[in-house]
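Everything below concerns the one structure shown next.
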Protein chains: 2
Amino acid sequence: MRYSRLMAVDRDHVLRTAATLLTRKATATMDEVAKAAGISRATLHRHFAGRDALVRALESLGIAECEAALDTARLDDGPARDAVYRLVREIEPAAGLLAFLYTENQLFEGDTLNAGWARIDDRMAALFRRGQQSGEFRIDLSPLWLTEALYGLLGSAAWAVAEGRVARNDFTHMIVGLLLGGALRREES
Amino acid sequence: MRYSRLMAVDRDHVLRTAATLLTRKATATMDEVAKAAGISRATLHRHFAGRDALVRALESLGIAECEAALDTARLDDGPARDAVYRLVREIEPAAGLLAFLYTENQLFEGDTLNAGWARIDDRMAALFRRGQQSGEFRIDLSPLWLTEALYGLLGSAAWAVAEGRVARNDFTHMIVGLLLGGALRREES
DNA sequence: CGCATGTGAGACGTTGATGTCTCATGTTGG
DNA sequence: CCAACATGAGACATCAACGTCTCACATGCG
């Protein structure tokens, strides 16, 4: 397919809409996804060969947004705690999508999961390791666990916000306040 | 049904097995659940009218184990931080099941969810509130968020342990170390 | 205006899981 | 031994979602 002239359907818009819907209802049908995007199921299927392909595309989107957040947050600059704050702030818009992909990845079981996640995990773990080496963070909690914990907190917070149990404005402060308070060696917010 | 004399199939054993399997693969088939429990699908269906009934039963089991952990941990005794430690320690065996139910509940959407969860949430939030009032915990993180965060950390840790990325022995220390370090007002492990 | 192309609507067959049923088997209690 | 009962195995229909297909319509371009 070439889509040289006509392209009424914005592939990116479909992905965003699907992400929003699947974040709220992970078992949404292809029909529902299409409806949510304002297109027909046939058209949806023309752009994404199937549900798998759609999820893969969402995975790529999630990875891209994560890496963009990692870049923007400049994890290597300044105190590690500030870098964590910037990271959470930048990654917030993608938190819902991440939570969806996080649970979805559990279904892959044996399949080799996208190498992008490994890179992202490494960069996050490197940030925590840097904080430990600089003396900012405790050393009795492994960078790997801190990374996992960050994912968990992002998911919990995203879900709590979506459910209306907590205010969206508190998102970053809640996560960083809790994560850093636990990761920092000394008291301080 | 009366099951007065014969009862070769242990209902509780089936539930435990199903919990273990569904924790690892949330989309497991009724066939797989039956296989895992060592019984036939027909028998499984005799004990649990359908998949919904099975999930409901697992939910009841999860609630029961949670409340048992809450009781055993004696949340009202001594420093709140010690109570949190006891709680996490007691709730560890059920963490995998909780993670499964947590994501499963997201599917209920509009349905009224089991009132048991509200009671459990209240008891956990009450513990954090007690810690705040006694001056042990920060007050800029709401008890509600701390409760949600605890769920998220339990899920992350349970999954990380299941994946073999972290040692099971570190479970309690990882969670309490991070959660309390963030919730405690002062430094200290 | 013709022509091409993307789209919507819907029909159709397929697949996988489910729920229900029957029947043979084995085991327990009287 | 005999009767009752739970189980295993399998057949069967149902249903929902999927993937594929066709056709009519509209919109852009020459």
Side-chain angles (χ1 to χ4, degrees), chain A residues 1-59 100-101 103-111, chain B residues 1-59 100-101 103-111:
Chain A
M1 310 183 203
R2 299 200 328 289
Y3 307 111
S4 46
R5 297 187 299 170
L6 267 173
M7 180 44 63
V9 167
D10 183 3
R11 179 187 166 100
D12 193 69
H13 168 255
V14 175
L15 275 180
R16 304 273 172 193
T17 309
T20 303
L21 174 60
L22 290 174
T23 290
R24 190 160 44 84
K25 184 184 178 185
T27 61
T29 306
M30 294 292 275
D31 274 287
E32 301 177 89
V33 173
K35 283 281 200 310
I39 62 177
S40 73
R41 193 164 70 93
T43 303
L44 175 62
H45 207 272
R46 286 188 188 101
H47 288 269
F48 304 97
R51 189 187 182 79
D52 286 353
L54 178 62
V55 173
R56 294 300 176 91
L58 284 173
E59 187 178 35
F100 163 70
L101 295 173
T103 63
E104 197 77 3
N105 275 340
Q106 300 181 180
L107 306 183
F108 286 178
E109 277 212 87
D111 296 18
Chain B
M1 309 184 205
R2 300 197 330 289
Y3 307 111
S4 45
R5 296 188 302 171
L6 269 173
M7 179 48 62
V9 167
D10 182 5
R11 178 187 169 100
D12 193 68
H13 169 256
V14 174
L15 276 180
R16 304 274 173 192
T17 309
T20 303
L21 174 60
L22 290 173
T23 290
R24 190 160 45 84
K25 185 183 178 187
T27 61
T29 307
M30 293 292 275
D31 274 288
E32 300 177 89
V33 173
K35 282 282 199 310
I39 62 177
S40 72
R41 194 165 70 92
T43 303
L44 175 62
H45 208 275
R46 286 189 189 100
H47 287 268
F48 304 97
R51 189 188 183 79
D52 286 353
L54 178 62
V55 173
R56 294 300 176 90
L58 284 172
E59 187 178 34
F100 163 70
L101 295 172
T103 64
E104 197 77 4
N105 275 339
Q106 300 181 179
L107 306 183
F108 286 178
E109 278 212 85
D111 296 18

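Each chain gets a letter, A, B and so on, in the order the sequences are listed, and its residues count up from 1.
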Can you tell me how far [atom2] of [N] sits from [atom1] of [X], to the nearest Å?
X	N	atom1	atom2	value
A:R11	C:dT7	CZ	P	13 Å
B:D31	C:dG19	CG	P	11 Å
B:H45	D:dA11	NE2	P	18 Å
A:F48	D:dC18	CZ	C1'	17 Å
A:R51	C:dG16	CZ	P	16 Å
A:D52	D:dA17	CG	P	16 Å
B:L44	C:dC21	CG	P	17 Å
B:K35	D:dG8	NZ	P	11 Å

Legend entry - A:M30 or A:A42, whichever maps to the more 5' nucleotide of DNA chain D: A:M30
Short side-chain N/O contact from [X] to OP1 or OP2 of [N], under 4.0 Å:
X	N	value
B:H47	D:dT7	yes
A:S40	C:dA9	no
B:R41	D:dA9	no
B:T29	C:dA17	yes

Inset, instruction - Check whether any side-chain heavy atom of A:L54 sits under 4.5 Å from a side-chain heavy atom of A:L15, and report yes or no. - result: yes
Inset, instruction - Measure the shortest side-chain to side-chain distance between A:T20 and A:R24 over non-hydrogen atoms and say whether it is less than 4.5 angstrom. - result: no
Legend entry - Residues B:R56 and B:D52 bridged, charged N to O under 4.0 Å: no
Inset, instruction - Output yes when a side-chain donor or acceptor of A:S40 lies under 3.5 Å from a complementary backbone atom of A:T43, and no otherwise. - result: yes
Legend entry - Side-chain-base donor-acceptor pair under 3.5 Å for A:R46 and C:dG8: yes
Inset, instruction - Could you grab the distance from atom CD1 of B:I39 to atom NE2 of B:H47, nearest 0.5 Å is fine? - result: 6.5 Å
